[in-house]
Protein chains: 2
Amino acid sequence: MKLENTKIQMRKGVLEYCILSIIARKEAYASDILNTLKGAQLLVVEGTLYPLLTRLKNSGLLSYSWQESTGGPPRKYYQLTELGEQFLKELDLTWNDLVHAVNVTTNHKSNDHE
Amino acid sequence: MKLENTKIQMRKGVLEYCILSIIARKEAYASDILNTLKGAQLLVVEGTLYPLLTRLKNSGLLSYSWQESTGGPPRKYYQLTELGEQFLKELDLTWNDLVHAVNVTTNHKSNDHE
DNA sequence: AGAAGGTAGCTTGCAATACAAAGTAGTGTA
DNA sequence: TACACTACTTTGTATTGCAAGCTACCTTCT
């Protein structure tokens, strides 16, 4: 039972929420998102992100537009749709419920300040 | 994109942590565990719990003993092994890290008091 | 004694998602 | 043109929760 695997499993299911939040703040393309996640110690790889972005787009939560980059290939910038913003609000509540439920179950004292 | 599905996905990966925590406090059998989880608004079904308990036992984190019940069939009570207790300590940290990372990413203000 | 009801444990097929790895494509520079 | 870098995409694999169905034990009722 690898701790690293447990981290991966715990990460499952919350990435959607994180990614929608990142995009909600400011339209972003994949590398932006990966770097923001990395900055928060959430290490995610392309093979995860791209299919996820596609799923969110196909579900109507995201839209995208192509934009020229300053010196490389064009980039696919994503924005939240109206539906996406609504959904994100639900996810805020859902996440909060989950944290509360887990902390109650584990009798966990959160050190989180925010 | 169903919100209910998102809840399920978010739940994945944290149940192991919750279950180990419940058992760490006091040895328990499956229905105990299900009821405790239900009490914390974590609805889990037998099809999830039994394979999970088996996996944890096979990984050396849990041990079990059969005990007579007061009026029904015998029960399988689980306890944490030494290894299980060590692992749970790691999970405490891991969970805390994840909550922090997600809250940072989502700019989430936790309403959790604990 | 047998049936019914309740409790307890178990398994399997399916769906969803993260990872690892490999590949394609556009732009700029040597 | 070839190479390096950036950006996007896809696929096979592994893991885990859910839904559904099943077996088995104990007690009570007929």
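Convention: sequence-line order gives letters A, B, ...; per-chain numbering from 1.
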- Item | Options C:dT27, C:dA18, D:dC8, nucleotide nearest the side-chain atoms of A:L15 | C:dA18

- Message: If you compare every side-chain N and O of B:K76 against the phosphate oxygens of C:dC10 (OP1, OP2), does one of them come in below 4.0 Å?
- Response: yes

- Ignoring the backbone of B:Q9, work out which of D:dT9, C:dA20, C:dT17 is nearest its side chain. C:dT17

- Report the nucleotide, chosen from C:dT27, D:dT16, D:dC8, that has the shortest atom-to-atom distance to any side-chain atom of A:N5. D:dT16

- Query: Between A:L83 and A:L61, what is the shortest heavy-atom contact and its length?
  - Reply: CG-CD2, 3.7 Å

- Message: So, OP1 or OP2 of C:dT17: does either fall under 4.0 Å of a side-chain N or O from A:R11?
- Response: no

- Message: When you measure from the side-chain N and O atoms of A:Y50 to the phosphate of D:dT9, is any distance below 4.0 Å, counting only OP1 and OP2?
- Response: no

- Task: Rounded to the nearest angstrom, tell me the gap between atom CD in B:E68 and atom P in D:dC25.
- Result: 12 Å

- Query: Nearest to the side chain of B:P73, which nucleotide is it out of C:dG6, C:dA18, C:dT12?
  - Reply: C:dG6

- Message: Minimum heavy-atom separation for A:V44 and A:L15, please, with both atom names.
- Response: CG2-CD2, 3.8 Å

- Pairwise 5' ranking along DNA chain D for B:V45 and B:T70, keeping only the more 5' one: B:V45

- Task: Report the residue (B:R75 or A:T48) whose heavy-atom-nearest nucleotide on DNA chain C is the more 5′ of the two.
- Result: B:R75

- Validation row: A:E4, A:K7 side chains within 4.5 angstrom (heavy atoms): yes

- Closest to side chain of B:V44, choosing from D:dC18, C:dC19, D:dC8: D:dC18

- Taking C:dC19, C:dA18, C:dT11 as options, the one with an atom nearest any side-chain atom of A:R55 is C:dA18

- Item | Residue pair B:E90 / B:Q86, side-chain heavy-atom distance below 4.5 Å | no

- If you look at every strand shown and take non-hydrogen atoms under 4.0 Å, does B:G71 touch a base, only sugar-phosphate, or nothing? sugar-phosphate

- Query: Below 3.5 Å, does any donor atom in the side chain of A:K12 face an acceptor in the base of D:dT15, or the other way round?
  - Reply: yes

- Note on the structure: Sorted by position of nearest nucleotide on DNA chain C, 5' first, the leading residue of B:G72 and A:L49 is B:G72

